[in-house]
*Asks:* 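Structure below; questions to follow.
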Amino acid sequence: MTQQEIHFDEIISRYRSDPFHYVDIHTIHAGQVRYLVEEGSEVEGPTGEWKQVPGTPLYEITRERNAKLIHSQTNGVVSELRGELEGEFVEAGEKLMTIRHPLKKKEIIESILQEVLYIFPAPERARYYFSMDIQSRIDQKGARSVFIQPGDEIITMSLMKRDTPVYYTGEAGIIHSIYFKPGASVDQGVPLIGVCPKNKLQLIQKIITRVKAEWE
Amino acid sequence: MIAPFFSIEQALADFRASRALRDCFPEVPDDLFSRVMRYGAAVGSRIEVHDKIPRCMGRLRDLIDRTGTGEEPVPSGTLVMARELANGCGRFDREWFAPRGGLWLALAWADTLLPDYARLLPLAAGSACCQAVRSRGVDAKLKWVNDIHWQGRKLGGILCETFCGKGAGDRYHIIGIGINCNNVYFPPALRKTSVSLQDILGVPVDLDEFVPVLLGFLTWHFGLVHLHEEQCLAHLHDELRGEGVNPVIQAWRRLSDTPGRKVVYGYDVVRQPLYTAVARDVDQSGGLVLALENGETVIETGGEILYL
């Protein structure tokens with residue numbers, strides 16, 4: 001427990017000294033880049049009921065006369081921009097800029113928890129919902145009473161009217177955090193659930209209490 | 001299980017080799033046609049015909065589960081058919097009425113495709129069913145993702161799921177297909193929204209002839225998904241390959257009347273409609289491009305629509 005507390009203090013002080021999340025923006029494919037923002041520009045993420053209003057346009061990439069506008073997925077400030085790439089043909093995956101996103105108290109708690117919990121990400125961009133068994137256990141007792149272990153069918157992924165069972169592959173534990181709304185579209189790699197081994201539950205409660213008390 | 005009163009396997013082989021199928025794709029060169037058909041050749045590799053079972057998809061799941069417990073693996077393309085289903089069901093908990101006279105089957109397809117291409121299988125299954133129905137002279141259309149309808153009334157439906165066997169852990173795509181052929185009686189709740197081929201044509205459809213035709217089109221359209229994967233992977237490192245045409249989407253577009261329609265969208269659109277929009281198109285991965293009333297665009301990769 002002592003070791004966990006030391007680790008916990010380090011995490012807390014790190015967020016206190018730098019309460020930001022840095023989002024690197026990379027080229028989605030090879031092509032000629034034209035920037036639409038500059039260093040210091042404020043950017044917004046997508047808005048609207050279904051996030052249908054795109055965020056601030058960040059850059060345009062052109063390949064074979066096919067130009068694509070790439071929009072910001074988060075709000076913040078462009079903290080770093082590789083100006084030397086303006087107008088250049090670059091490879092896929094080249095880093096173009098970094099957006100400094102200011103974390104809210106809730107996001108800080110979530111970020112800290114995501115370092116402690118086992119995060120189970122979405123395997124593909126699709127709609128997700130809990131398997132019938134897990135959903136009924138959540139409905140009856142709440143997610144934090146639901147214990148899962150590797151091999152359990154926990155979620156169904158629905159893509160193009162094809163349902164695929166998703167089997168849990170992480171550490172055994174209780175479902176501590178649910179990051180998706182059943183039936184909502186989730187991008188590949190975005191966390192679906194955070195699982196907490198039983199022996200870490202007390203530590204996690206302490207993290208939440210302390211961050212809530214210290215962050216104003 | 002019952003013995004079919006004709007050899008489906010032989011009839012399927014005959015149809016695959018026939019001019020009738022080849023003439024459906026006149027723009028495709030012979031060598032490409034052969035490659036596509038080879039990719040899809042597993043369709044119907046093993047065929048079970050039942051008189052009455054609860055569900056064809058359930059029967060396939062049982063067979064897949066038994067693999068690894070002494071039973072032989074289920075060959076990709078295994079088909080289960082039944083003359084009647086005791087417990088047919090649609091998406092969510094919707095009832096599917098499956099009496100004698102209809103065509104009820106499920107196909108197991110080994111999960112060998114990469115995820116970006118496996119997502120095209122539901123569209124390919126829809127195209128195959130729609131094209132098979134059209135071959136009977138019925139102007140059927142596809143509603144995104146893969147509902148087969150005639151003048152707004154449902155002629156057929158498809159259910160897809162990925163299933164991992166408990167025994168050996170092999171993964172398959174299971175495609176359940178139901179087409180109203182000679183079943184002319186529908187329960188009162190479905191009478192206005194459903195229709196059968198016999199209703200439209202005025203005469204019964206010869207199922208012995210129709211089944212191989214459907215399987216032949218499944219061979220083609222599933223083969224097309226695999227060929228598309230092969231071609232995309234061959235150009236994976238070609239940075240200047242551009243945005244190539246997806247032949248699976250191209251085939252689907254020719255059969256669908258969804259683009260241009262005003263629709264209501266929802267994950268479970270009957271129980272919980274979310275919004276109305278105009279369907280513009282499907283993108284290269286099969287996602288439905290919807291124009292909202294405020295001019296914004298949304299691309300949906302799951303859920304369902306109703307026409308307004």
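Per chain, numbering begins at 1; letters A, B, ... match sequence-line order.
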*Asks:* Minimum heavy-atom separation for A/M157 to A/A126, with atom names?
*Replies:* CG-CB, 3.5 Å

*Asks:* Could you walk me through whether A/I112 and A/E110 satisfy the side-chain contact (heavy atoms from CB on, under 4.5 Å) test, starting with their C-alpha distance in whole Å, then the side-chain angles of each, then the deciding distance to 0.1 Å, before giving a yes or no?
*Replies:* CA-CA 5 Å; A/I112 295 172; A/E110 272 312 323; over 6 Å; no

*Asks:* Taking side chain as everything from C-beta outward and backbone as N, CA, C, O, which of these in B/I299 sits under 4.5 Å from a heavy atom of chain A? Side chain, backbone, both or neither.
*Replies:* backbone

*Asks:* Checking B/L288 against chain A: side chain, backbone, both or neither under 4.5 Å from a heavy atom?
*Replies:* neither

*Asks:* Given B/L79, which of B/L105, B/I177, B/V43 fulfils the side chain to side chain contact (heavy atoms under 4.5 Å, CB included) condition?
*Replies:* B/L105

*Asks:* Given salt bridge (Lys or Arg N to Asp or Glu O under 4.0 Å), test A/D18 with A/R14 step by step and report yes or no.
*Replies:* CA-CA 6 Å; A/D18 188 17; A/R14 178 150 42 91; over 6 Å; no

*Asks:* Can a donor-acceptor pair be found between the side chains of B/Y275 and B/E293 at a distance below 3.5 Å?
*Replies:* no

*Asks:* Just wondering, do A/I61 and A/H29 contact through their side chains at under 4.5 Å, heavy atoms?
*Replies:* yes

*Asks:* Ignoring hydrogens, what is the shortest heavy-atom contact between B/G157 and B/I148? Give both atom names and the distance.
*Replies:* N-CD1, 4.5 Å

*Asks:* Taking only residues two or more places apart in sequence or in another chain, which ones pass ring pair (Phe, Tyr, Trp, His ring centres under 6.0 Å) with A/Y128?
*Replies:* none

*Asks:* Is B/E300 close to chain A through its backbone or its side chain, or both, or neither, when contacts mean heavy atoms under 4.5 Å?
*Replies:* side chain

*Asks:* At under 4.5 Å between heavy atoms, what parts of residues 161-171 of chain A are in contact with chain B? List them by residue number.
*Replies:* A/K161, A/R162, A/D163, A/T164, A/P165, A/Y167

*Asks:* Is there a side-chain contact (heavy atoms from CB on, under 4.5 Å) between A/V33 and A/T27? Walk through the geometry before answering.
*Replies:* CA-CA 8 Å; A/V33 167; A/T27 49; 4.0 Å; yes

*Asks:* Most heavy-atom pairs under 4.5 angstrom with chain A, which of B/G266, B/A118, B/S285?
*Replies:* B/A118

*Asks:* When heavy-atom pairs shorter than 4.5 Å are enumerated against chain A, which of B/D116, B/L120, B/L292 gives the highest number?
*Replies:* B/L292

*Asks:* Is it the backbone or the side chain of A/R65 that comes under 4.5 Å from a heavy atom of chain B, or both, or neither?
*Replies:* neither

